[in-house]
Amino acid sequence: MSEKKKGKQKVVKEESDEEDDEEYRWWEAENAKGDGTVKWNTLEHNGVYFPPEYVPHNVKMKYDGKEVHLEPEAEEVATFYAAALNTEHVENPTFNENFFRDFKATLDNSDKNPPIEDFKKCDFTPILDHLEREKEKRKAMSKEEKQKLKEEKLQLEEKYGYCYLDGRKQKVGNFRIEPPSLFRGRGKHPKTGSLKLRVQPEQVTINIGKAAKVPEPPAGHSWNKVIHDNTVTWLATWKENVNENIKYVFLAANSTLKGQSDFKKFEKARELKDIVAKIRHDYNKDMTNKVTAIRQRATAMYFIDRLALRAGNEKKEGEEADTVGCCSLRFEHIRLEAGNTVHFDFLGKDSIRYQNTVTVDGQVFKNLKLFQRHKESDKDQLFDRVNTQELNKHLSSYMDGLTAKVFRTYNASHTFQEQLKNTPVSGSVNEKILAYNRANREVAILCNHQRTVSKTFDNQMNRIEDKIRALKYQKMRLKKTMLTLDPKLKKKRPELDEPESDLGEEWCEEYEKHLEEKEKDRLRKKFEKDNEKRKSEGKGPLSESELNEQLEEAEEKTKQLSKERKTGKMEVKKSQTVEKVEAQIEKVNERIKVVNLTKVEKEENKTTALGTSKINYIDPRISAAWCYKHDVPIDKIFNKSLRDKFKWAMEVDKNWKF
DNA sequence: CCTTGCGACTCAGAAACGTTTCC
DNA sequence: AGGAAACGTTTCTGAGTCGCAAG
């Protein structure tokens, strides 16, 4: 529990904004995976940042129609609730009950106010109005004011955002102590709406190198403890009051420490690759074991391996949302159907619904039926003789450090690498990226990474479709132009005479009208602007009739478009030739293709979140090798922070295999 | 020995924020 | 040209996993 070595420690240096000194290439060092216990030898940092004290606004809420005065402590809590008024939380009785219980506890009973006892009589809208006005004010701030705020933020990051670990500068992840708020659990969390209290320095433990200068707690305060434990990676910790969970300040994702454990994680998954066949063979054999516990374990392992389910630890009933993983599945979560079909329907991590219909091996199906025979209630555990500790203990007999979650990593990366084989070798960069994202999506679906559909999804989709139709409209006109230029083509190239799909008469008319309106708008604006200019030059305004003439022209143009569309006889400019128009069509075709690709991707991404698998499950070396092999710039698939996080993975050969 | 709770870490989606694109 | 919508990135913090020690 102490530092092995007392390295010389530098005083935390002034930031030199210049290029950082030599990048430390830990992955080239002797002991790239680290030895597992000692995480650092020296550690310097500036502690944590506490949110500013509450500043009362003195806007009064109403109780039973009358304004009430609240002491700052209560006002703050009322304000948290007011800020939630436009969210669905306030529709949730649990949220309201928990809030109201904690809110009442902050009220000063000696007050001259009437006692606040009935939640229904509370009216927080005056505070919400105030919050909205404040928001407006912030939006309307001058450039200078905004700049000032930005600089203050930067200064904070400068001070707390970095530490020195073994003398090397590293980014700190969450140096801000979490501000007080109303706890918002995911799903049906029994404690949602409870007051998460302000964290005091007296609750915070600092972990720092022995030789380093201990950061000052805020004036008038002291730290809970200062320790020097180099077997852990955190810089500070405290206990949160709602669930009594421990919170930590860790380093950022691009730090060497996190990079090393990422590397280790993927190497572990690659190790599994070599023995997965044996493990599969074994659990298939165990499917028919006489001992129920072993049969159950084999069946559970089948799910973990084939469906990438999470282990499924036990949860505290009544204190957390009711969610499950593999080992905690209950009979109510599966439905068996003839043909070895299993329907899964349960809430997983973050209360994300897992719905899947799978055709399983015959013996798996038989086992499930067998387990079912002994059930007394749907609420009973499917695998009542299996738990995660035991399952993981079994797994670790195959390989040091093998646990259920390694299967998720292994299967994700393996699936990804397999899916990438569908990359079109001679396709454009865009098409290759589409294939990459498709592979990514397969992994996200496997891991059930979901996101809520954006409110404007349908809107966005319609706009893309209109964009495609507009292009098709252009193409339709170009094709007609070709035929007008050379009527003989009608026979030679019958496709030129075919109507564009998805382009109804009605839509065309509307579109032509839309073009007309746009043009008219443009003309009116130009007219106004010209007049202003003339005025400033001391000239008289242009006559209205001039504008009206132009507007009429626009109307004429619409009629012309409509006529041309119906007769197929186009007015052709002298300079146009069949070849030129042909080239134009080609260009439009290209654009249609591109827009169609974005449409397809958007649709496929509607409820699937690609980020989590990209960040946590897919070995970045697969992506890097793919980029090199297919000549795709790496920044097309990894943004700045991902490139930074995955520095260690960027130097693989194009033939590297997971 | 098994069970339970704690501690430390990874993984998770939403919200906030900043930038680009579109009209 | 300028404001809104869309899009991409970052931040936030809750929710898991899993090892370990204590009972």
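Note that the structure is predicted; figures quoted are calculated from it, not measured. Each chain gets a letter, A, B and so on, in the order the sequences are listed, and its residues count up from 1.
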Geometric class of the A:Phe346/A:His333 ring pair [parallel <30°, tilted 30-60°, perpendicular >60°]:
perpendicular
Take atom CG of A:Leu446 and atom C1' of B:dA12, then tell me their distance rounded to the nearest Å.
16 Å
Near DNA chain B, counting only heavy atoms under 4.0 Å, which residues of residues 605-617 of chain A show up?
A:Thr612, A:Asn616, A:Tyr617
Check the angle between the aromatic planes of A:His394 and A:Tyr398 and answer parallel, tilted or perpendicular using the 30° and 60° thresholds.
perpendicular
Which pairs, protein N/O on one side and nucleotides 17-23 of chain B N/O on the other, fall under 3.5 Å?
none

First of A:Asn392 and A:Lys139 reached from the 5' end of DNA chain C, by closest nucleotide
A:Lys139
Ring geometry between A:Phe646 and A:Phe638 (parallel below 30°, tilted from 30 to 60°, perpendicular above 60°):
tilted
Within residues 237-249 of chain A, find the residues that approach DNA chain C with a heavy atom at under 4.0 Å, and present them sorted by residue number.
A:Lys247
For A:Phe50, what residues pass the ring-ring contact (aromatic ring centres under 6.0 Å, His included) criterion, not counting sequence neighbours?
none
Between A:Leu642 and A:Phe183, the residue closer to the 5' end of DNA chain C by nearest nucleotide is A:Leu642
Using a 4.0 Å heavy-atom cut-off across all strands, classify A:Gly348 as base, sugar-phosphate, or nothing.
sugar-phosphate
A:Trp648 and A:Trp26 aromatic ring geometry - parallel, tilted or perpendicular at 30°/60° bounds:
tilted
Ordered by number, residues from residues 305-324 of chain A within less than 4.0 Å of DNA chain B (heavy atoms) are A:Arg310
Can you name the atoms? Protein N/O to nucleotides 20-23 of chain C N/O, anything below 3.5 Å, with the distance.
none

Record whether the side chain of A:Lys349 comes under 3.5 Å of the base of B:dC11 through a donor-acceptor pair of N or O atoms.
yes
Need one value for A:Ser261: base, sugar-phosphate or nothing, where a base atom within 4.0 Å counts as base even if backbone is also close, heavy atoms only.
sugar-phosphate
Here the distance between atom P of C:dG16 and atom CZ of A:Arg186, to the nearest Å, is 9 Å
